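Everything quoted here is computed from the prediction, not taken from an experiment. Side chains are part of it too, since the values below use all heavy atoms of this structure and drop only hydrogens, waters and symmetry mates. By convention here, the first residue in the shown sequence is residue 1.
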Amino acid sequence: MRHRPIPGSSGSVREMSLLGDRLLHAPCEPVTDFGPELRRLVEDMFATMYAADGVGLAANQIGVARRVFVYDCPDDEDVRHLGYVVNPRLVEADGIEVRGAEGCLSLPGIEAPTSRFDRAVVEGVDLSGAPVRIEGTGFFARCLQHECDHLEGLVYADRVTGWRRSWLRRAIRKAPWGRRADWPRPAPSLNPPGV
């Protein structure tokens, strides 16, 4: 019998920020208030992620410039990982680099081959401020790196290089939402923060 509520079941679905939205392209601020507003944000993030059929969502994707992300993501062995992290830091990203298809709820309908490390470790805190450490491999490691990038003001498209970047630029311009997207921007440093 389930004794805990389903994440997002009491949340509201919020509007998704799309590529070009100012908040997607700026680093997020740390969370300092661990009250009911943060709990509501996490619930709304889960509800929004599920409504959009995503596996992860950062707060700035729904217009909130705070360092929080949620996830419900399998790894390569199809083990489900479900949770959230407040004030996350990518502390390790290593192993082999794998180029795989990557998409984003803020770039709907478009995927591009993107290189990510096969292992990632994120540290942060939970809703009460207690420390959490999440380690992921395979697809889940990709998700952790993707969401940490969002909180630094990056989208996966910023990591795409070469002819794939040219292809992605054309795909974005053809997308119904792409005309308002100001991308590409000047290339940021792509080294994971703190790694």
Counting C-beta onward and ignoring hydrogens, is there a side-chain heavy-atom pair between [X] and [Y] closer than 4.5 Å?
{"X": "Leu41", "Y": "Arg14", "answer": "yes"}
{"X": "Val42", "Y": "Val70", "answer": "yes"}
{"X": "Val155", "Y": "Ser106", "answer": "no"}

When you measure from the side chain of [X] to the backbone of [Y], do you find a donor-acceptor pair of N or O atoms at a distance under 3.5 Å?
{"X": "Glu111", "Y": "Gly103", "answer": "no"}
{"X": "Asp118", "Y": "Ile96", "answer": "no"}
{"X": "Arg67", "Y": "Leu151", "answer": "yes"}
{"X": "His150", "Y": "Leu24", "answer": "no"}
{"X": "Arg99", "Y": "Ser115", "answer": "no"}
{"X": "Arg116", "Y": "Gly138", "answer": "no"}
{"X": "Trp177", "Y": "Pro108", "answer": "yes"}
{"X": "Glu43", "Y": "Arg39", "answer": "no"}
{"X": "Arg66", "Y": "Leu38", "answer": "no"}
{"X": "Asn60", "Y": "Gly153", "answer": "no"}

Which atoms form the tightest heavy-atom contact between [X] and [Y], and what is the distance?
{"X": "Cys104", "Y": "Gln61", "answer": "SG-NE2, 3.7 Å"}
{"X": "Phe34", "Y": "Ser128", "answer": "CD2-C, 4.4 Å"}
{"X": "Ile62", "Y": "Met45", "answer": "CD1-CG, 3.6 Å"}
{"X": "Ser12", "Y": "Thr48", "answer": "O-OG1, 3.7 Å"}
{"X": "Val13", "Y": "Ala47", "answer": "CG2-O, 3.7 Å"}
{"X": "His81", "Y": "Pro74", "answer": "CD2-C, 4.4 Å"}

Problem - Trace of the side chain to side chain contact (heavy atoms under 4.5 Å, CB included) decision for Arg142 with Cys73 - result: CA-CA 10 Å; Arg142 178 175 294 278; Cys73 182; over 6 Å; no
Problem - Criterion side chain to side chain contact (heavy atoms under 4.5 Å, CB included) on Glu147 and Val85, from CA distance to verdict - result: CA-CA 10 Å; Glu147 300 310 330; Val85 188; over 6 Å; no
At what distance, to the nearest 0.5 angstrom, does [atom1] of [X] lie from [atom2] of [Y]?
{"X": "Tyr50", "Y": "Leu57", "atom1": "OH", "atom2": "CG", "result": "11.0 Å"}
{"X": "Asn87", "Y": "Cys28", "atom1": "CG", "atom2": "SG", "result": "10.5 Å"}
{"X": "Asp94", "Y": "Phe117", "atom1": "CG", "atom2": "CZ", "result": "7.5 Å"}
{"X": "His146", "Y": "Leu105", "atom1": "NE2", "atom2": "CG", "result": "7.0 Å"}
{"X": "Ile172", "Y": "Leu18", "atom1": "CD1", "atom2": "CG", "result": "11.0 Å"}
{"X": "Asp75", "Y": "Arg80", "atom1": "CG", "atom2": "CZ", "result": "12.5 Å"}

Exercise for the section: Tell me, please, which residues at least two apart from Thr114 pass side-chain hydrogen bond (donor to acceptor under 3.5 Å, both in side chains). Expected result: none
Practice task
Not counting sequence neighbours, which residues clear side-chain hydrogen bond (donor to acceptor under 3.5 Å, both in side chains) with Thr32? List them please.
Solution key: none
Exercise for the section: Might you confirm whether atom CD of Glu15 has over 12 heavy atoms from other residues, nucleotides or ligands at distances under 6.0 Å? Expected result: no
Problem - Sidechain N-carboxylate O distance under 4.0 Å for Glu152, Arg89 - result: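 Arg89 and Glu152: not salt-bridged.
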Can you hop from [X] to [Y] via hydrophobic side chains spaced under 4.5 Å?
{"X": "Phe139", "Y": "Leu82", "value": "no"}
{"X": "Val79", "Y": "Val132", "value": "no"}
{"X": "Val55", "Y": "Met16", "value": "no"}
{"X": "Leu23", "Y": "Leu19", "value": "no"}

Handout entry: Plane angle bin for Phe140 and Tyr71 - parallel if under 30°, tilted between 30 and 60°, otherwise perpendicular
Key = tilted
Handout entry: Verdict with supporting geometry, Phe46 and Tyr84, ring pair (Phe, Tyr, Trp, His ring centres under 6.0 Å)
Key = CA-CA 9 Å; Phe46 272 115; Tyr84 67 90; 7.0 Å; no
